[in-house]
Student: 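My questions all concern the structure below.
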Amino acid sequence: MSDTLDVGVRPPTRDERLTEQSLPARILVRPEVGALVGAIGVYILFFAVAEPFRGLDALATILYAGSTLGIPAVGVALLMIGGEFDLSTGVAVTSSALVASMFSFQLTANLWVGIAVSLLVALCIGWLNGYLVIRTGIPSFLVTLAMFLMLQGLNLAVTKIITGNVASPNISDMEGFDSARKIFAQEWSIGGANLRISVLWWLLFVALATWVLLRTRIGNWIFAVGGAAHSARGVGVPVNRVKIGLFMTVSALTWFTGMNLLFSFNSVQSGEGVGNEFLYIIAAVIGGCLLTGGHGSAVGAAIGAFIFGMTTQGIVYAGWNPDWFKFFLGAMLLAATLLNLWVRRRTEVTE
Amino acid sequence: MSDTTATGTRTPLLRLTGCAKHYGNIIALTGVDLEVCAGEVTCVLGDNGAGKSTLIKIISGMHQHDAGTYEVEGEPVRFASPRDALDRGIATVYQDLAVVPLMPVWRNFFLGSEKRKGFGPFSRLDVDLMRRTTKSELAAMGIDLRDVDQPIGTLSGGERQCVAIARAVYFGAKVLILDEPTAALGVKQAGVVLRYIVQARERGLGVVFITHNPHHAYPIGDRFLILNRGRSIGYHTKDEITREELTSLMAGGAELEQLSHELEQAATAAANGAASPSDAAGTTGRTAPAAEKEEAK
């Protein structure tokens, strides 16, 4: 080596070892594409075997089933991209519905008061989850598992104390019910199909989350805190605020799902919701979210939830034994995880 | 920058005088002097545990010095956080803290300082501007990227360092602190990074280049600070020192001679041992258990 280096800019040269990526390979690294391929496959399968599956009313039912999972799954997907987990979401949906109905019922207040209180409680739970994860450094898996158990206990015990029962009181004749139902659980009949408003909310939330992820600064930060929190902090990203904000977003969406549940059925069972947290996470994973964070999409999670809707309803329409549902679930999860693994291998840090 | 062509009398961008840092009763650094001028590269050399990291942490605002003075453009400072240092134009590129591997190159380039357009709730990323700027800034540094949308993790280690350097330059750094940028790289990649350090210098930045490789430091350095066990054992400008002297200082001179002597002895001993393995089979300890086994059968 000489004592002085050539200072001039070298003419840019193309590395001869670099080959152009094939088109399929480039498309497949998009997080939602695997889920889309899966969704088309499942749709064709049920379309072929189940005659009732082909109708418009069946599609509306599938979309509704998808929306009940899909709305919280949007939040869960954002949180997973941000590198964290939330296992308390399933029972948090029930908690929100219970708080809203029982608060209003006990104080004979307008239902909108209960709805607001319930949102506040939900946001506090989300904040607490996030704060504990940030402050203690305990993995969110454990923190939210603890929250899951505590909420489950509270749901059952407090409902028993207040109503002496395992369900919340019927609220359909209370003040504010009709207006709240219009917002959270409206139905329209269009050409024989029963379209529910939660499907529209679901699409709106997916669109909003996608916009935030891809086109705003916050979205950039979400990917960064999930991908490499240290690096993100080093360049001035407020990592703690982003993570706590994500936990609170999840809580807000579970609250919304709880309201949908409450105003669809007028009353909720206090033991409901257990196990749903896994369905939300699985929808996000099938949709291309990496368990380790930093990669994924809201559209993917929506497609994941749609696959769920198709599978649950499709098995019924096809007249199969519903026991097969869980098998489908497992198989799809495995396929999605393998695809994710492949994606990460492609983009792994090369040295 | 007006003072890049001045000589001699200009105020250095950074000046440390008699700096010291203690962690409890451990003296991590003591009595260190250092100057960084615009358009110059100041190299900090030292073995592991010599105090290089402590020195960067003081300069980058992560830690505060316990004694001595730290001046930025002639003004004494005490930084409370790396953000303060950044605001004064002192940017640090850490070896592995630079980027988020799964994110596209352009998102990494602007991470934490995103360009936006629109107002209030419609405020959004100016994606086109950021893509274009990333491409042109990297091109100005001589890096030709096929696609600024590729995840930065797919770039080589040297290229990632260069992106991090280009980013610091673009965001108005006056002083660039590079923490062992060539440590994990192969010979050719290291050469590429050194070239960009020279580029940054030519653009009028002051560079602090931390390394333990005198062969990387000497060709591009203007000043050399050699640390050993938390103390400065030499602070020289380039005309005062040759590459051989630098290498020898860096390795601890006498220590290195001692080491090479020991290694030679070890090598001779090993050669003697290897020459007669079969003759010694019955007598050496190593083969004894095998012999016992034979008997047991």
Side-chain angles (χ1 to χ4, degrees), chain A residues 1-15 17-21 26 29 31 81 83 208 211-239 290 292-296 343-351, chain B residues 82-83 86 92-94 96-104 107-108 110-116 123-125 127 138-147 150-157 160 167 171 184-187 191-192 194-195 197-199 201-202 215-216 218-220 238 242-243:
Chain A
M1 201 191 279
S2 70
D3 282 1
T4 52
L5 269 177
D6 174 22
V7 174
V9 180
R10 285 179 312 163
T13 48
R14 185 174 288 272
D15 194 322
R17 290 164 302 179
L18 204 63
T19 54
E20 279 291 329
Q21 260 186 327
R26 263 187 296 172
V29 298
I81 295 170
L208 254 176
W211 158 265
V212 167
L213 272 178
L214 297 181
R215 284 296 174 267
T216 70
R217 189 172 65 170
I218 304 282
N220 222 26
W221 291 354
I222 292 172
F223 280 109
V225 300
H230 265 296
S231 304
R233 195 174 274 125
V235 295
V237 174
V239 175
L290 287 184
T292 45
H295 188 75
V343 167
R344 202 169 32 183
R345 289 260 166 85
R346 292 187 61 85
T347 52
E348 234 163 33
V349 178
T350 49
E351 201 58 70
Chain B
R83 193 80 234 177
L86 256 172
T92 312
V93 176
Y94 294 99
D96 48 355
L97 264 184
V99 294
V100 184
L102 280 166
M103 290 175 78
R107 284 186 186 266
N108 265 290
F110 282 93
L111 186 60
S113 315
E114 291 85 354
K115 297 267 184 243
R116 289 183 292 171
S123 164
R124 60 200 184 275
L125 296 179
V127 177
L138 292 180
M141 297 283 282
I143 310 166
D144 173 39
L145 275 193
R146 188 166 46 84
D147 181 7
Q150 72 195 90
I152 203 163
T154 59
L155 301 185
S156 70
R160 264 179 284 149
R167 173 168 72 180
F171 285 108
L185 303 181
V187 177
V192 173
L194 292 179
R195 209 178 286 274
I197 295 176
V198 174
Q199 287 262 325
R201 185 185 72 186
E202 294 302 304
H215 302 291
H216 288 164
Y218 195 76
I220 63 169
K238 192 163 193 169
T242 66
R243 179 199 290 262

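Quick note on labels: first sequence line is chain A, next is B, and so on, each numbered from 1.
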Student: To the nearest 0.5 Å, what is the distance between OG (B:Ser123) and CZ (A:Arg215)?
Tutor: 13.0 Å
Student: Which heavy atom of B:Val100 sits nearest to which heavy atom of A:Phe223, and what is that distance?
Tutor: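 Distance-wise, the nearest heavy atoms are CG1-O, 4.3 Å.
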Student: Does a side-chain heavy-atom distance below 4.5 Å link A:Trp211 with B:Arg124?
Tutor: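 Side chain of A:Trp211 against side chain of B:Arg124, heavy atoms only: contact under 4.5 Å found.
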Student: At a heavy-atom distance under 4.5 Å, which candidate from B:Arg107, B:Met103, B:Lys115 has the highest pair count against chain A?
Tutor: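 Sorted descending by pairs with chain A, the first entry is B:Arg107.
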Student: Taking the side chain as every heavy atom from C-beta outward, state whether A:Thr216 and B:Glu114 have any pair of such atoms under 4.5 Å apart.
Tutor: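 A side-chain contact is absent here, since even the closest heavy-atom pair is not under 4.5 Å.
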Student: How many angstroms lie between atom CG of B:Leu102 and atom CD1 of A:Ile81, to the nearest 0.5 angstrom?
Tutor: 11.0 Å
Student: Which one wins on heavy-atom pair count under 4.5 Å against chain B: A:Gly236, A:Gly226, A:Ala224?
Tutor: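 Ranked by contacts with chain B, first place is A:Ala224.
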Student: Would you please test B:Asn108 and A:Val235 for side-chain contact (heavy atoms from CB on, under 4.5 Å) and show each step?
Tutor: CA-CA 10 Å; B:Asn108 265 290; A:Val235 295; over 6 Å; no
Student: Can you say whether B:Arg116 sits under 4.5 Å from chain A via the side chain, the backbone, both, or neither, judging by heavy atoms?
Tutor: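 When you check distances to chain A, only side chain atoms of B:Arg116 fall under 4.5 Å.
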Student: Is it the side chain or the backbone of A:Leu214 that comes within 4.5 Å of chain B heavy atoms, both, or neither?
Tutor: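 When you check distances to chain B, atoms from both the backbone and side chain of A:Leu214 fall under 4.5 Å.
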